[in-house]
Amino acid sequence: MATQPIEIYNTLIRKKEKFTPLNSPFVGMYVCGPTVYDDVHLGNCRTFISFDLIYRYLLFVGYKVRYVRNITDAGHLEGDRDEGGDKFAKKAKLEQVEPMEIVQKYTVGFREVLRMFNTLSPSIEPTATGHISEQIEMTKQIIEAGLAYESNGTVYFNVEKYSQKNNYGILSNRKLEELLEGTRELEGQDEKKGRLDFALWIKAKPEHIMRWPSPWGWGFPGWHIECSAMSTKYLGATFDIHGGGMDLIATHHTNEIAQSQVCNHCEPVKYWMHTNMLTVNGIRMSKSAGNGFLPLELFSGNHKLLDKGYSPMAVKFFMLQTHYRSTLDFSNEALQASEKGFERLMNAVSTLEKLKSSGKSSSDIKSLCAKCYDAMNDDFNSPILLAHLFDGVKTINSINDGKATISKEDLSLLQKTFHGFIFDVLGLKEEKPATNNDDLLNNLMAMIIEMRNEAKEKKDFPASDKLRNGLAKSKITIKDTKEGTTWEKEK
RNA sequence: GGUCGGGUGGCCGAGCGGUUAGGCAGAGCUCUGCAAAAGCUCCUACAGCGGUUCAAAUCCGCUCCCGACCUCCA
């Protein structure tokens with residue numbers, strides 16, 4: 001279906017390259033999922049919406065994709081410092097509940113928000129706690145390979161030893177010496193041999209509620225090993241795409257590569273893809289900066305930074321108007337612009353459904369449709385795709401106004417392309433409340449419109465305007481078109 | 001401090017050697033009883049200073065700002 005091969009920007013080589021799956025048409029894709037100890041925040045959502053777009057497009061052009069996105073529900077340390085700050089235990093103590101209650105609560109919340117954003121479910125959504133034995137196995141293998149050591153019940157990965165034969169900084173494009181310079185001397189690090197060493201298994205302290213038995217005593221897995229274990233289990237030693245936020249490159253993904261490399265003796269991932277950060281007034285939206293708002297606050301408008309609420313689709317459309325590798329800055333003005341743009345696009349989609357063909361096409365529809373594929377093939381460039389779709393919107397409206405024409409064949413192609421890209425690829429959906437299945441409202445509206453039209457025929461405009469203004473107070477908009485009077489209710 | 005990535009019209013945001021990106025806002029016109037919607041037209045920018053080139057927003061150098069990572073975060 002694609003008119004040209006897909007090009008993907010690979011973090012590994014820092015440029016775009018042709019996408020060739022290892023076992024076409026099968027594609028393995030792993031994306032680092034959320035840590036479910038708090039509400040998902042919008043930055044997470046952007047990453048998952050971006051990979052949803054990628055997943056959807058790969059499916060759209062015919063690939064058979066296994067999309068794995070983990071749920072991190074096992075406590076990992078605050079960094080690799082041995083401070084024992086199990087996030088789940090901390091939160092549980094604060095909320096006076098079981099750690100697994102925290103996990104349950106935020107997992108459900110996370111799925112609910114992504115459902116509102118109309119993202120597809122991954123093929124597999126494995127949890128870290130469900131794969132403890134795999135993580136212990138992997139840790140054992142790394143110890144056997146001589147690249148990890150136990151120290152007082154905690155197991156560390158020996159980065160400097162690994163670096164003798166491997167390029168540890170391959171993903172972050174940094175040299176070991178530079179990395180070593182960057183580290184700081186921290187307290188309580190006596191257990192570690194090297195400053196860059198990171199934990200594979202962490203000894204549980206009395207306050208840690210989440211704990212499992214292991215060859216090194218009771219403890220819990222380090223943060224990075226879960227992804228190595230689960231990606232290997234479900235996608236194999238080497239798979240096609242691994243994704244996540246850019247902030248994961250330097251530490252998480254770097255460590256993941258090292259672990260997998262030691263266990264599987266090969267580079268784990270062919271294409272590394274990273275999404276950029278979400279910012280608010282130019283500053284990264286983050287938990288620690290406290291400049292974020294939750295998706296539900298954004299939808300309701302119930303936040304001091306927001307003038308009003310924005311629907312999930314308006315927000316998603318806003319995100320799709322920016323390329324996934326660019327930072328995206330939130331502002332009320334930008335959100336309002338997207339809200340209107342989205343509405344215009346969706347109006348054109350409904351116009352397109354009832355459009356009539358006649359004679360020859362007055363514009364090159366085939367070329368327009370091909371451009372949509374080209375845009376997505378170029379590293380999933382959704383802003384360009386939307387620009388082409390808006391060219392289509394102009395064409396659709398012109399045809400509807402009788403100022404342009406379209407052939408039967410082209411109309412069918414345009415309908416198919418619009419439908420495919422807007423609903424299947426971008427994953428947008430109509431949000432207007434269904435007015436058709438409310439008989440009472442429909443009947444009342446039909447009556448009011450009839451009364452108004454009678455008034456209009458008698459040129460009694462004060463009366464017709466009174467009806468229209470009255471309806472406006474109930475957020476119902478009246479439109480007089482050539483085909484008659486229509487109405488719609490604001491959501 | 002080190003390593004990356006940026007600075008594009010009123011706002012958002014593509015492009016990354018030669019073409020009107022696109023959306024929103026604003027102005028005018030067409031349609032309309034008036035609106036709304038839609039269409040057409042206008043608004044033509046690339047932080048600054050040098051350099052390379054027939055040609056630079058796009059390449060190179062310097063300067064000034066901003067951000068990210070190096071410490072949990074997608």
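Computed from a predicted structure; not experimentally measured. Here is the naming used below: chain letters follow the sequence lines, and residue numbers restart at 1 for every chain.
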Between [N] and [M], how many Å separate the two [atom1] atoms, rounded to a whole number?
N: B:rU20; M: B:rU44; atom1: P; answer: 14 Å
N: B:rA38; M: B:rA45; atom1: P; answer: 28 Å
N: B:rA47; M: B:rG13; atom1: P; answer: 15 Å
N: B:rG26; M: B:rC12; atom1: C1'; answer: 16 Å
N: B:rG9; M: B:rC4; atom1: C1'; answer: 29 Å
N: B:rA36; M: B:rC43; atom1: C1'; answer: 25 Å

Among [options], which nucleotide sits nearest the side chain of [X]?
X: A:N44; options: B:rA74, B:rA14, B:rC34; result: B:rA74
X: A:A387; options: B:rA21, B:rA14, B:rA74; result: B:rA21
X: A:M285; options: B:rG13, B:rA74, B:rG2; result: B:rA74

**Message:** Does any part of the side chain of A:T11, heavy atoms only, come nearer than 4.5 Å to the side chain of A:M246, both counted from C-beta?
**Reply:** no
**Prompt:** Would you call A:F330 and A:F318 a side-chain contact if the rule is heavy atoms closer than 4.5 Å?
**Reply:** yes
Are [X] and [Y] linked by a side-chain donor-acceptor pair shorter than 3.5 Å?
X: A:D480; Y: A:T485; answer: yes
X: A:E226; Y: A:N70; answer: yes
X: A:N255; Y: A:Y168; answer: yes

**Item:** Pairwise 5' ranking along RNA chain B for A:F461 and A:I384, keeping only the more 5' one
**Value:** A:I384
**Asked** Which sits closer to the 5' end of RNA chain B, A:P462 or A:N381, going by the nucleotide each is nearest to?
**Response** A:N381
**Prompt:** Taking the six-membered ring for Trp, are A:F299 and A:F117 parallel (under 30°), tilted (30 to 60°) or perpendicular (over 60°)?
**Reply:** perpendicular
**Request:** Measure up the A:F421 and A:Y373 rings against each other and bin them: parallel (under 30°), tilted (30 to 60°), perpendicular (over 60°).
**Result:** perpendicular
**Pi-cation contact, A:F48 with A:R69 (under 6.0 Å, within 45°)** = yes
**Complete:** The correct set of residues in residues 113-123 of chain A placing a heavy atom under 4.0 Å from RNA chain B is none
**Message:** For B:rG22, is there a stacking contact with A:F390, counting only centres under 5.5 Å and planes under 30°?
**Reply:** no
**Fill in**
Across every strand shown, the nucleotide meeting Watson-Crick or G-U wobble geometry with B:rA68 (both distances under 3.5 Å) is B:rU3
**Protein-nucleotide distance (A:D247, atom CG; B:rC4, atom C1'), rounded to Å** = 14 Å
Every protein N/O lying under 3.5 Å from an N/O of nucleotides 5-11 of chain B:
from   : atom 1 : to     : atom 2 : distance (Å)
B:rC11 : O2'    : A:E333 : OE1    : 3.3

**Asked** Would you call A:D378-A:K16 a salt bridge at under 4.0 Å N-O?
**Response** yes
**Prompt:** Is any NZ, NE, NH1 or NH2 atom of the basic residue among A:R195 and A:E160 found under 4.0 Å from an Asp or Glu carboxylate oxygen of the other?
**Reply:** no
Using nucleotides 36-38 of chain B, report all nitrogen or oxygen pairs with the protein that are shorter than 3.5 Å.
from   : atom 1 : to     : atom 2 : distance (Å)
B:rA36 : N1     : A:D480 : O      : 3.4
B:rA38 : O3'    : A:N397 : ND2    : 2.8
B:rA38 : O2'    : A:D401 : OD2    : 2.9

**Prompt:** Taking A:M376 as the fixed residue, which of A:N381, A:I384, A:L53 is the one that meets the side-chain contact (heavy atoms from CB on, under 4.5 Å) rule?
**Reply:** A:L53
